[in-house]
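Below you'll find the structure, written out as structure tokens, and then a few comments.
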Amino acid sequence: MDSISIIRTAKEYDENDPLRRFAGYFVKEDPRLVYLDGNSLGMLPKPTVSHLSEVIEKKWGEGLIRSYNSDWWNKPSDIGSRIARLIGARPDEVIVCDSVSVNMFKIIVAALRLKSDKSLIVSDELNFGTDLYIIQGIIDLLGKGHTLKLMRSDDKITVSDSETEQNITDETALVSLSYVSFRSAFMYDMKKLTDLAHSKSAFILWDLCHAVGAVPIDLNGAGADFAVGCTYKYLNGGPGSTAFMYIRKDLQEKMFSPVWGWWADAEPFKFNTGFSPAQGIKKFLAGSVPVLSGSTIESSLDIFEEAGIDNLRRKSVAMSTFFIDLTREHLAPLGFTLGSPENPEIRGSHVSLRHPEAFRICQVLSDEKEGDWTIIPDFRSPDNIRVGFAPLYNSFHDVAIMIKELARISGDGVYLRYSDERSVVT
Ligand SMILES: Cc1ncc(COP(=O)(O)O)c(C=O)c1O
């Protein structure tokens, strides 16, 4: 396909896209901007601007402390029960609080206490830094001889069945995995891995950060024990918005958080001198929950409920498949290789492209003074350009522009003029 046909085909797809109108719900001042980083930080929904102003002016400005009783105190469970619908959980199995890292800490410590006869924790080498650091820190803190085993990924994209079967053994206390890998977008079979963990009498914890809002998730269907996830990527809750955690209903009674904060107390306003945990998942709260970032999640969830997660997934697969097909034809001859699974059934909503000059190519893409478009994907060391497809606001035209620009930049070597020096956030 030549570049005119690519743009024409993309326009046809856009015209037939049933979710097309949803792009209008998002703030986008610059028509030259192509934002392909919703897998890191989602765009700002227009309803969030008015909703947040209302919460600030009315609930905080006028309601003051009274707003805790009328609205805010139950926000962790109210918002949690709405997220539950997106992840196949019961309303009383999810709360919104803290960060993903902190929620992992609370769950893993509680889980290991219930498996005190076993000391092996299994994860994989594709997993995100924080997931592994939290486990390492817990092992150090507990000092009980736990070990962390990382399953290998030979192709650095997927983890094979033989690797999972060999490593998840009767010694395993906990399996901790990202449902969708942050770098390659590899997506595990949640039910299969959960069944495997359970067959060895191990717990399983799923990190849903790169899946929630882009991929249908069925925690209850899989029988999953625990999950954590963030709300600032596909859920568009804004920078640092509050995370969520899930604990299966039948496990809640046995689990106890290692962080005994007052929001987790059964009677917080009695200010007793001794802690007594609340019932249900609320005992995993710690301190005050950030109300303002909770309200940004609420207005964003309205949009998801209107669009429907199955429709979003359908569009996401269509976009990423279109992108991969065009990559094969136009970018592979220019030195790009695919860093994600080709099969959409085991791929989340982003695609990683690998190129030895990935960092400098990203610099050119996002340089406002270079070319007709400003394109924002992200770079993940050592050589990945991650292209995130957020089906609520990305178009097939965005996909076509990305392909055209990558071909132009890598073909004429314009990136050679750019520095290889990395800023803190890439
Ligand atoms: C897969 C994954 N897990 C965990 C985190 C960390 O989340 P938090 O900063 O809320 O602790 C991230 C952040 O990007 C992530 O991508």
Side-chain angles (χ1 to χ4, degrees), residues 36-42 76 79-80 83 87 94-109 121 123-138 148 150-151 153 156-159 174-188 190 193 204-215 217 224 226-246 259 284-287 289-290 293-294 296-297 300 339-340 347-352 376-381 384 386-390 424-426:
L36 293 167
D37 205 9
N39 53 311
S40 270
L41 177 69
I79 304 169
I83 291 179
I87 59 176
V94 183
I95 45 167
V96 169
C97 58
D98 302 315
S99 63
V100 175
S101 307
V102 171
N103 289 335
M104 286 194 77
F105 175 82
K106 293 183 289 186
I107 288 177
I108 294 174
V109 171
I121 303 165
S123 186
D124 68 40
E125 64 176 7
L126 299 178
N127 214 346
F128 189 75
T130 217
D131 298 50
L132 306 177
Y133 311 152
I134 291 292
I135 296 169
Q136 291 158 12
I138 290 172
L148 170 62
L150 296 186
M151 297 186 286
S153 166
K156 302 292 175 233
I157 296 175
T158 59
V159 176
L174 175 75
V175 180
S176 177
L177 298 172
S178 286
Y179 183 34
V180 172
S181 156
F182 82 100
R183 197 181 275 119
S184 72
F186 168 57
M187 183 162 67
Y188 275 105
M190 183 180 277
L193 266 288
I204 192 157
L205 163 62
W206 290 104
D207 178 337
L208 305 178
C209 285
H210 284 274
V212 64
V215 172
I217 300 168
F226 318 116
V228 289
C230 67
T231 57
Y232 45 76
K233 299 182 192 287
Y234 295 105
L235 286 191
N236 309 314
S241 57
T242 323
F244 63 88
M245 64 189 289
Y246 152 93
V259 184
F284 275 80
L285 294 172
V289 169
S293 88
T296 64
I297 306 169
S300 182
S340 293
R347 190 176 70 228
S349 199
H350 66 273
V351 173
S352 269
I376 305 186
D378 66 19
F379 166 77
R380 284 294 171 265
S381 182
N384 287 259
R386 275 194 323 184
V387 189
F389 300 108
V424 181
V425 179
T426 60

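Indexing begins at 1, ligand by ligand and atom by atom, following the structure's order. When a residue number appears, it is its place in the shown sequence, counting from 1.
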Next on the checklist: Do S241 and T231 pair up side chain to side chain, a donor and an acceptor below 3.5 Å, judged on atom types alone?
Outcome noted: yes
Next on the checklist: Taking F389's backbone N and O only, do any of them form a donor-acceptor pair with S349's side chain (distance below 3.5 Å, no angle check)?
Outcome noted: yes
Checklist entry - Of all the atoms in ligand 1, which lie at a distance below 4.0 Å from a heavy atom belonging to S99? => result 10 (O), 11 (O)
Checklist entry - Is S184 reaching over with its side chain to a backbone N or O of S340, donor-acceptor style, under 3.5 angstrom? => result no
Item to check | Worked check of ring pair (Phe, Tyr, Trp, His ring centres under 6.0 Å) between F244 and Y246 | outcome: CA-CA 7 Å; F244 63 88; Y246 152 93; 9.2 Å; no
Item to check | Closest protein heavy atom to atom 8 (P) of ligand 1, given as residue, atom name and distance to 0.1 Å | outcome: Y232 OH, 3.5 Å
Next on the checklist: List ligand 1 atoms under 4.0 Å from D207, heavy atoms only on the residue side.
Outcome noted: 1 (C), 2 (C), 3 (N), 4 (C)
Donor-acceptor list for residues 128-136 side chains, cut-off 3.5 Å, not counting sequence neighbours:
from	atom 1	to	atom 2	distance (Å)
T130	OG1	S101	OG	2.8

Checklist entry - When the ring planes of H210 and F182 are compared, do they come out parallel, tilted or perpendicular, using 30° and 60° as the limits? => result tilted
Checklist outcome for this item: Note: S101, heavy atoms under 4.0 Å from ligand 1, region reported as both
Checklist outcome for this item: One finds that the ligand 1 atoms under 4.0 Å from a non-hydrogen atom of K233 are 13 (C), 14 (O), 16 (O)
Next on the checklist: At less than 4.0 angstrom from any non-hydrogen atom of H210, what atoms of ligand 1 do you find?
Outcome noted: 1 (C), 16 (O)
Item to check | Contact atoms of ligand 1, heavy-atom distance to D131 under 4.0 Å | outcome: 3 (N), 4 (C)
Item to check | Distance, nearest 0.5 Å, that separates CG of D98 from CG of L285 | outcome: 7.5 Å
Checklist outcome for this item: The atoms of ligand 1 lying under 4.0 Å from a heavy atom of V100, numbered in the order shown, are 4 (C), 7 (O), 8 (P), 10 (O), 11 (O)
Checklist entry - Given F105, F182, F128, which has its nearest heavy atom closest to atom 12 (C) of ligand 1? => result F128
